[in-house]
Student: 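Got a structure for you, questions after.
Counting convention: from 1, in listed order, for ligands and their atoms alike.
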Amino acid sequence: MDKWSGLRRQLRELEGQDLLRHMTVFDSPRDGRAVAEGAPVRLFSSNSYLDLGREPAVTAFAAEILERYGVGAGGSRLTTGTTRVHTLLEETIAAFKGREAALVFHAGYMANVGAISALAGPGDVIYSDALNHASIIDGCRLSRAEVVVYRHNDMDDLERKILARPGRGGLIVSDGVFSMDGDIVDLPRLTWLADRHGLLSMIDEAHATGVVGATGRGTEEYYHMEGSVDVLMGTLSKAVGSEGGFVCGSAELIQYLINKARSFIFSTALSPVTVAAGLRGLQKIQEEPQRVAQLRDNMAFLCRELGRYGIPAQSDSAILPIVVGEEKKAMAAMEALKERGYYVSAIRYPTVARGSARLRVALMSSHTRDELAGLAQALACVLGRNTER
Ligand SMILES: *Cc1c(COP(=O)(O)O)cnc(C)c1O
């Protein structure tokens, strides 16, 4: 009896379905020009949408905090892990999102898992969008609430499912900007349904913070609906350029999570250095809203360029999915782009549904027009479009 045989069989199965994953190793910062596996590439795959990870003001402040506090946090947030930098970051997040208070977790993943499992339990219902991020799905599972998945961004379907469970309390949870599709939640109807049926609304702002809304404040700002969501979750690991997740809302909500969210309580705090980078990055977004505008302009420009090659493209976020279908085809397209010097991630099952594999183009505010035009042409070539103009 070989105790590894089950595992080995599953690996072979993944390989047979073109679903085996591996890591690309970078020898450079992951900004617009990066070095992947030894080769220089133009990177169109980073979630650091505003390129704040190498911003001198950010790295200088992180270095100052490193000198002052050292590495590591030395304890959980409720023991010795909370520094002045942590509380300053939380105050800054709360002010940025227009909320009374905020709580920083180790990652967005931990924020979702901790908050959802604390806010809903057995007997409650969680209504969850079919395309929600894996960390939301895992939070739902941990909560042991009844999980009702509604069709992607389909508020009629959501309403039907709520009406079928009259009088049940719980939570409606959705990505703000969907991570693999780049589209935006129907916030007006979602919050209306939540309020009307006595359910909490929770929105995951991972790809919305620093990206959508005139000044990058997120989905609420995009719809001019500031203050309408009960539980706003987000991450510092995407546009903000550092790491860490957060939840913000009323002071009461935050006090509750401090006492109930297990991923917050039972894990060592983030290092003050990481927290400092997040704090300075978030301040930078507020000091320089033109970064957000530039990112938006870049997406509009890329979509126009693709349109000229007959590739329909539209996005109000920093994410543009180009669905190619078969897993093998997506991987081949990614390889062909790499040969042309462009790094665009191919996304496959289980991150997206089987047969809807795609190239996921992620833009940065620092991409130049030349780089964007070059990418559009390379995509057109790889997708077999006519590139004569
Ligand atoms: C990336 C992401 C997360 C997880 O955030 P991390 O900080 O990377 O752990 C959560 N939700 C969504 C929608 C995401 O895209």
Student: Any side-chain heavy atom of L131 sitting closer than 4.5 Å to one from M180?
Tutor: no
Student: Determine, using the 4.5 Å side-chain heavy-atom cutoff (strictly less than), whether L253 and V104 are members of one ILVMFWY cluster.
Tutor: no
Student: Is D157 paired with K161 through a side-chain N to carboxylate O contact shorter than 4.0 Å?
Tutor: yes
Student: Flag the pair H207 / S317 as yes when at least one side-chain heavy-atom distance between them is below 4.5 Å, and no otherwise.
Tutor: no
Student: Let me know which protein residues bring a heavy atom to under 4.0 Å of ligand 1; chain then number is fine for ordering.
Tutor: A107, G108, Y109, N112, H133, S135, D175, S179, D204, A206, H207, T235, S237, K238
Student: Is there a donor-acceptor pair closer than 3.5 Å between any side-chain N or O of S242 and the backbone N or O of L236?
Tutor: no
Student: Look at K238 together with E205 and state whether they make a salt bridge at an N to O cut-off of under 4.0 Å.
Tutor: no
